[in-house]
Amino acid sequence: MSQAGQTHATLARLRALRLELETLRLHGHREVLGALPSNWMEILRGPEKTREPRDVELPLPSKTVSAKPASREEALENLRAEVVVCAKCPLGNLRTQAVFGVGNPYARLMFVGEAPGADEDRLGEPFVGRAGQLLTDMIGAMGLKRADVYIANVLKCRPPGNRTPAPEEVEHCEPYLLRQIDIIKPEIICALGAVAATTLLKTGTPISRMRGKIHDYHGVPLVPTYHPAYLLRNPAAKKDTWEDLKVVMKQLNLPVPPKKG
Ligand code: URA
């Protein structure tokens, strides 16, 4: 492997390690981190001045991109390689990193949110902040694990200040989501929040009227529900969201576990 290739591989491994450790920290596993020096984040991140701003976004060596992907994993990795270097809209220059998506390439259920927030932009994984923890709990309440489903966003890059995605940003980014859907072939999509639901379904209908019903998104059934961040601010709406998730479970022929709490 060339020097540049080795550097890229090392940086990718460090990034994956940092993501793993930060995810543990976010999920409260402080005991795991107790054995590490308190400045482990800085050590893994390296000195700011020498860090390449785009170090994790180098295109993959062309030999890894085959003409016809052999598997969904490979197809997703090829698509990820395109997304991490995307500069189709100005958000490409503002991001720390693109947030491609995470989960099971063979997932029957896909969750789609709006866009990465600050935590996601920093860690490179969708739904890792407080709203992400609630989404993980919602998935658990369905009798599933995060690793069973696929989680993505309409936009792959964080809009500054978490503002609502602009129409031209959606226009450039939605094709990536459509390609993810084409590869994963979920049986159903759950759109999280008014912005995801209205941008995907191209409608101005309020989320309160769309939620819990099965809509069509490019031939895939789509059920909108409230965004986990909204549920954190309005816990009373969790009851409605549970009804929406039951619609999803029914569509997938999954047994409905009794709801705790
Ligand atoms: N909100 C979203 O819509 N997506 C994320 O990834 C995180 C928060």
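For ligands, and for the atoms within them, numbers begin at 1 and follow the listed sequence.
Contact annotation for Glu114 and ligand 1: heavy atoms of both the backbone and the side chain come within less than 4.0 Å of the ligand. Under 4.0 angstrom from ligand 1, the non-hydrogen atoms of Pro126 come from both its backbone and its side chain. With a 4.0 Å heavy-atom cut-off, ligand 1 is reached by no atom of Ala229.
Nearest protein heavy-atom neighbour of atom 4 (N) of ligand 1: Asn153 OD1, 2.8 Å. The protein heavy atom nearest to atom 8 (C) of ligand 1 is Phe127 CE2, 3.9 Å. Here the protein heavy atom with the shortest distance to atom 1 (N) of ligand 1 is His227 NE2, 3.2 Å.
Just one residue in the list Val112, Leu177, Ile188, Val223 forms a side chain to side chain contact (heavy atoms under 4.5 Å, CB included) with Tyr217, and that residue is Leu177. Under the side chain to side chain contact (heavy atoms under 4.5 Å, CB included) test applied with Met210, the options Thr225, Leu201, Leu222 reduce to a single match, Leu201.
Of all atoms in ligand 1, listed by their number and element, those nearer than 4.0 Å to a heavy atom of Gly113 are 3 (O).
In this structure the side chain of Thr136 never reaches within 4.5 angstrom of the side chain of Phe127, judged on heavy atoms.
Ala115 counts as a contact of ligand 1, since one of its heavy atoms falls under 4.0 Å from the ligand.
Counted by atom type alone, Glu82 and Asn78 present zero donor-acceptor pairs between their side chains at under 3.5 Å.
By the side-chain contact (heavy atoms from CB on, under 4.5 Å) test, Ala166 pairs with Arg163, Glu168, Glu169, sequence neighbours left out.
By the 4.0 Å N-to-carboxylate-O rule, Arg122 lies close enough to Asp119 to be salt-bridged with it.
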